[in-house]
Amino acid sequence: MSDLDPSALLLTATTAQPRPGTLRVTVTGEIDMVTCPRLDAELDHAVAAAPERLVVDLLGIGFCGVTGVASLGRLRTRCAETGIDLTLKPSRVVRRALDNAAIAPLFRLEERLIAR
């Protein structure tokens, strides 16, 4: 029997370099206590690559708990300390979590326009 990491079923993160100097981490699933270590590891790897710009695409996130908000806050701090320009593309759920924690204004958010 293999040791299956349950976080792999609940959260996926892929990293791409769409242009020189820019890394894009696309995250889908849920950010909670189980998946947060997986997310942190992926984001740590992206910061360690020292891009000029880091875009974290969270449009595929359906749940973001307090640990997810804390993870994004730590990412913001690491990027500020290393001079990385950080942009988040939040889903509605992530935006609501950032708003509820009163930290949304601390981030550069690239939001989707929703047609009405």
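Quantities reported herein were computed from a predicted structural model and do not represent experimental measurements.
The CG atom of Asp40 lies 4.5 Å from the CZ atom of Arg74; values are rounded to the nearest 0.5 Å. Here the CG-SG distance, from Leu39 to Cys64, works out to 8.5 Å after rounding to the nearest 0.5 Å. Between atom CG of residue Leu86 and atom CG of residue Leu23 there is a gap of 11.5 Å, rounded to the nearest 0.5 Å. To the nearest 0.5 Å, the span separating OG1 on Thr67 from CD1 on Ile31 amounts to 8.0 Å. Atom CD of residue Glu30 and atom CG of residue Leu11 lie 9.0 Å apart, to the nearest 0.5 angstrom.
The shortest heavy-atom contact between Pro90 and Arg95 is CB-N, 3.9 Å. The minimum heavy-atom distance linking Leu109 with Ala104 is given by the pair CD1-O, 4.1 Å. Minimum interatomic distance between Val93 and Ile61 (heavy atoms only, all atoms of both residues): CB-O, 4.0 Å.
Residues Lys89 and Arg24 meet the side-chain proximity criterion, which asks for heavy atoms closer than 4.5 Å. Inter-residue side-chain proximity for Leu75 and Leu54 is flagged as met; some heavy-atom pair is nearer than 4.5 Å. Looking at Val94 and Leu88, their side chains never come closer than 4.5 Å, going by heavy atoms from C-beta outward. Side-chain contact between Leu72 and Leu58 is present, with heavy atoms from C-beta onward closer than 4.5 Å.
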Q | Derivation of the side-chain contact (heavy atoms from CB on, under 4.5 Å) call for Val69 and Asn100 | A | CA-CA 10 Å; Val69 172; Asn100 288 343; over 6 Å; no
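Taking the charged nitrogens against the carboxylate oxygens, Arg53 and Glu110 do have a contact shorter than 4.0 Å, which makes a salt bridge.
Residue Thr14 forms a side chain to side chain contact (heavy atoms under 4.5 Å, CB included) with just one option from Asp57, Val27, Thr26, and that option is Thr26.
Under the 3.5 Å distance criterion, the side-chain polar atoms of Arg76 are matched with a main-chain donor or acceptor of Leu106. For Ser71 (side chain) and Cys36 (main-chain N/O), no donor-acceptor pair under 3.5 Å exists by modelled atom type. The backbone N or O of Val47 lies less than 3.5 Å from no partner atom in the side chain of Arg78, so there is not a single donor-acceptor pair.
For Glu52, the CD atom sits in a loose shell: 12 or fewer heavy atoms of surrounding residues, nucleotides or ligands are nearer than 6.0 Å.
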